[in-house]
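Letters A, B, ... mirror the listed sequences (proteins, then strands); counts begin at 1.
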Protein chains: 2
Amino acid sequence: MSVTRSKRQEDARFRVLRLLQQNPELSQRALAEAAGISVGGVHYVLNALIETGLVKLGNFTAADDKRRYAYILTPSGLAEKARLGRRFLARKIREYEALRDEIDTLSTELQGSDVPAQALASGFGRSSG
Amino acid sequence: MSVTRSKRQEDARFRVLRLLQQNPELSQRALAEAAGISVGGVHYVLNALIETGLVKLGNFTAADDKRRYAYILTPSGLAEKARLGRRFLARKIREYEALRDEIDTLSTELQGSDVPAQALASGFGRSSG
DNA sequence: GTGGTATCGTTCGGACATGAACGATCCGTG
DNA sequence: CACGGATCGTTCATGTCCGAACGATACCAC
């Protein structure tokens with residue numbers, strides 16, 4: 001809602017790329033928790049990143065664990081991460097403003113009822129924006 | 001991401017309930033556009049609302065169009081709408097704050113690169129809260 | 001009336017995405 | 001060494017949701 005599926009997937013791709021740039025040896029479970037998606041979802045996103053050449057599998061170094069991989073950003077992966085980062089920021093700012101407006105509207109709506117909801121929403125809708 | 005599926009569906013249910021309370025004779029397409037979901041998605045949500053007794057089908061009055069329905073909130077639908085409204089507001093405020101933090105973080109990140117992204121994000125992360 | 005166009009609610013294929021599994025591997029304990 | 005339990009990447013059934021259809025109905029010009 002107000003966020004299409006493709007936007008959400010772009011968000012997921014960016015978050016995974018960002019996390020992997022910071023630490024290529026994160027597990028899929030750690031990625032899932034940090035990116036706010038499911039384990040299967042990380043696997044799904046990761047496969048797409050690998051197939052499009054943005055990420056390649058490397059050796060896990062810490063204790064040569066045969067189960068684990070290092071997920072290394074390729075040069076094009078780095079470029080894509082930077083590109084997505086700019087789009088991501090611009091989108092989040094738009095979402096932020098839309099959210100502020102929606103909170104303001106709903107807060108006003110709830111003030112007409114018998115619910116002390118304005119206590120929750122204090123500070124919204126006061127400044128020019 | 002950072003928004004689970006059930007949250008998104010709850011958002012959709014609330015938005016549809018709110019729109020229908022304001023105008024029960026909205027078409028599914030109008031509901032879709034206003035709620036930011038697809039036509040099929042509205043149908044999906046609407047069916048769930050009808051099956052759980054929150055909405056019932058009424059007669060479309062304007063020109064007794066045989067294709068159309070009025071989607072009328074039942075008493076329990078009104079109660080559920082009020083309940084969801086409070087949860088919705090609280091959740092949106094949390095999302096708002098999380099979004100502000102994420103924008104702030106990303107804006108700082110991008111300042112280290114050669115991209116004038118801070119122009120987009122001016123005004124974030126300057127005040128205390 | 002007849003034909004064309006627009007919109008109605010509905011359906012459907014397929015893409016996502018989840019949560020719970022799975023086998024493989026690691027590691028500590030005896 | 002053997003054995004549990006924890007964790008790895010992966011797979012799967014299931015549910016959610018979109019986008020493009022569909023038939024039915026309304027409207028409008030002729």
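At least one side-chain nitrogen or oxygen of B/H43 sits closer than 4.0 Å to the OP1 or OP2 atom of C/dT10. For C/dC16, the OP1/OP2 oxygens have a side-chain nitrogen or oxygen of A/Y44 closer than 4.0 Å.
As a whole-Å value, the separation of A/E25 CD from D/dG9 P is 11 Å. D/dC17 atom C1' lies 15 Å from atom CZ of B/R13, rounded to whole Å. The distance between atom CG of A/D11 and atom P of C/dC16, rounded to the nearest whole Å, is 15 Å. Distance, B/D64 CG to C/dG9 P: 15 Å, rounded to whole Å. At whole-Å resolution of the value, CD1 in A/I37 and P in C/dG19 are 11 Å apart. With rounding to whole Å, B/L31 atom CG is found 15 Å from C/dT10 atom C1'. Look at CZ on B/R8: it is 11 Å from C1' on C/dA17, rounded to the nearest Å.
Mapped onto DNA chain D by nearest heavy atom, B/V45 and B/V39 fall at different nucleotides, with B/V45 at the one closer to the 5' end. Closest-nucleotide positions on DNA chain C for B/L46 and A/K66 were compared, and the one nearer the 5' end corresponds to B/L46.
Comparing D/dC18, D/dG15, D/dC27 by their closest approach to the side chain of B/R5 singles out D/dG15.
With rounding to the nearest 0.5 Å, the separation of CD in A/E102 from CG in A/D104 is 11.0 Å.
Here A/N47 lies out of heavy-atom contact (under 4.0 Å) with every strand.
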Original post:
side-chain contact (heavy atoms from CB on, under 4.5 Å) between B/T108 and B/T105: does it pass, once the steps are laid out?
Top reply: CA-CA 5 Å; B/T108 302; B/T105 298; 5.9 Å; no
_Worked check of side-chain contact (heavy atoms from CB on, under 4.5 Å) between A/F14 and B/L106_ = CA-CA 11 Å; A/F14 170 68; B/L106 187 60; 3.7 Å; yes
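Note on A/E80 versus A/R83: salt bridge recorded, some NZ/NE/NH1/NH2 to OD/OE distance being below 4.0 Å. Ion pairing between a basic and an acidic side chain is recognised when a charged N comes within 4.0 Å of a carboxylate O; A/K92 and A/E95 show such pairing.
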In residues 20-35 of chain A, what donor-acceptor pairs under 3.5 Å come from side-chain atoms, sequence neighbours left out?
residue : atom : partner : partner atom : Å
A/Q21   : OE1  : A/K81   : NZ           : 2.8
A/N23   : OD1  : A/E25   : N            : 3.1
A/E25   : OE2  : A/T61   : N            : 3.2
A/E25   : OE2  : A/T61   : OG1          : 2.8
A/S27   : OG   : A/R29   : N            : 3.4
A/S27   : OG   : A/A30   : N            : 3.0
A/Q28   : OE1  : A/H43   : ND1          : 3.3
A/Q28   : NE2  : A/Y71   : OH           : 3.1

Once base and sugar-phosphate atoms are separated, protein heavy atoms under 4.0 Å mark nucleotides 1-8 of chain C, 5' to 3', with B, S and - as -----BBB
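Atom CG of B/N59 has 12 or fewer heavy atoms from other residues, nucleotides or ligands within 6.0 Å.
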